[in-house]
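To keep things clear, I will list the structure first and then write my remarks on it.
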Amino acid sequence: MSASDLLDRRLVVVTGKGGVGKSTVSAALAVLAARRGKRVLVAEVDARERVAPMLGGRPSGPVIRPVLPGISTVNVDPRHALEEYALMVVRVRAIYQAVFENRVVRFFLRAVPSLAETLMLGKVLHEARSEAHGRPRWDLVVVDAPATGHAVQLLGTPRALLDTVPGGPLRRDAEWMQALLSAPDRTAVALVSLPEEMPVTETAELDAQLGQGLSLPRGPVFLNAMPGAMFTTSELDGLRGLSPSAPPLGPAARAALLQGAQRERAEAQAVRLRELLGRDVVPLPLLAADRWGRRAVERIADAMDGQV
Ligand SMILES: Nc1ncnc2c1ncn2[C@@H]1O[C@H](COP(=O)(O)OP(=O)(O)OP(=O)(O)O)[C@@H](O)[C@H]1O
Ligand SMILES: [Mg+2]
């Protein structure tokens, strides 16, 4: 699936191992979609909010807030999602406050298995299908999902409910949630990985869990932080001869050789990942940025754009 196909979905869920660049990829997808004139919501789920600050804005917290032209963000947390859901059901805030004061809220979130996940996922999926003035409220909702195991749990919630809840409103919610999540024309799950041994292994496992396990439509796998090909093989051979030289030539040659070796190792992991997945991956460049902010995200978006 090319990046343009990906951005034509209504819902793109981004997940992967902790720290691999999920928030960066989510922000870059939003930037790319906004450049194409789309109205995008990026929803982080129960996270230390990163996307809005990466894009140069202030954190949105649990309320949707515009951060750049065409891009809004929100950080969905379980307590706020429960309050919203309860308000949708009971309608009146005074009643909500009387019934759901904090202690009770905490009790519910802990006592009912996967209630927190259901509410957070429900909120995000609700945004993905909500309409205003007869058209979709968002062209694209990007979910910056939690890491690996938590994402599987989160995305598996509707199915688990369908297996256990025989009827009633909760089952109806689970039905539309599962229908949206598993529709390949509307939804894709994109994975982020790094060109290293363990992340590659875990990405292949996660891909199988989401695909074979949960029957979710799989989108591209982004291989983030790929070192660039700075030198040709013959240049590297030449540099080997220079590496014993006196400074500054020797140290510079050794640094270049080190970069070449890192690139080679990363390339080997990229090949391995392609083999394990049985499909292509989308490399994203390793950037030497001292501050990880909007400029870096724009450059990642440029790199995605070129790989359509
Ligand atoms: N392509 C890249 N080149 C260089 N550094 C990068 C790249 N992508 C990410 N980073 C660095 O890794 C950090 C973590 O990235 P990011 O927050 O996107 O990861 P994450 O997967 O969302 O993390 P978490 O699991 O904590 O949510 C960034 O702040 C940045 O410093
Ligand atoms: Mg993150």
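For ligands, and for the atoms within them, numbers begin at 1 and follow the listed sequence. Atoms considered below: every heavy atom in the structure, side chains included; atoms not considered: hydrogens, waters and symmetry mates.
The closest side-chain donor-acceptor pair between Q269 and R272 falls under 3.5 angstrom. A donor-acceptor pair shorter than 3.5 Å can be found between the side chains of T24 and W292.
Residues L115 and L155 fall into different hydrophobic clusters, defined by Ile, Leu, Val, Met, Phe, Trp and Tyr side chains chained together at heavy-atom separations under 4.5 Å. With hydrophobic clusters built from ILVMFWY side chains whose heavy atoms lie under 4.5 angstrom apart, L284 does not share a cluster with V221. Note on V40 and V51: same hydrophobic cluster, where clusters join Ile, Leu, Val, Met, Phe, Trp and Tyr whose side-chain heavy atoms are under 4.5 Å apart, directly or indirectly. The hydrophobic clustering, which links ILVMFWY residues whose side-chain heavy atoms are closer than 4.5 Å, places V20 and M226 apart.
No more than 12 heavy atoms of other residues, nucleotides or ligands shown are found within 6.0 angstrom of CZ on R294.
Distances shorter than 2.8 Å separate the Mg ion (ligand 2) from the protein N/O/S atoms S23 OG.
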Identify the protein atoms, limited to N or O, that lie within less than 3.5 Å of an N or O atom of ligand 1, and list each pair with its distance to 0.1 Å.
residue	atom	partner	partner atom	Å
ligand 1	1 (N)	N224	OD1	2.9
ligand 1	1 (N)	P285	O	2.8
ligand 1	3 (N)	L287	N	3.0
ligand 1	8 (N)	N224	ND2	2.9
ligand 1	18 (O)	S23	N	3.4
ligand 1	18 (O)	T24	N	2.8
ligand 1	18 (O)	T24	OG1	2.6
ligand 1	19 (O)	G21	N	3.1
ligand 1	21 (O)	G19	N	3.4
ligand 1	21 (O)	V20	N	3.2
ligand 1	21 (O)	G21	N	2.9
ligand 1	21 (O)	K22	N	2.8
ligand 1	21 (O)	K22	NZ	2.8
ligand 1	22 (O)	K22	N	3.4
ligand 1	22 (O)	S23	N	2.8
ligand 1	22 (O)	S23	OG	2.9
ligand 1	23 (O)	G19	N	3.3
ligand 1	25 (O)	G19	N	2.8
ligand 1	25 (O)	K22	NZ	2.7
ligand 1	29 (O)	R50	NH2	3.0

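Side-chain contact between V271 and E275: present, with at least one pair of heavy atoms (C-beta onward) separated by less than 4.5 Å. Using a 4.5 Å heavy-atom threshold, the side chains of N75 and S60 count as separate.
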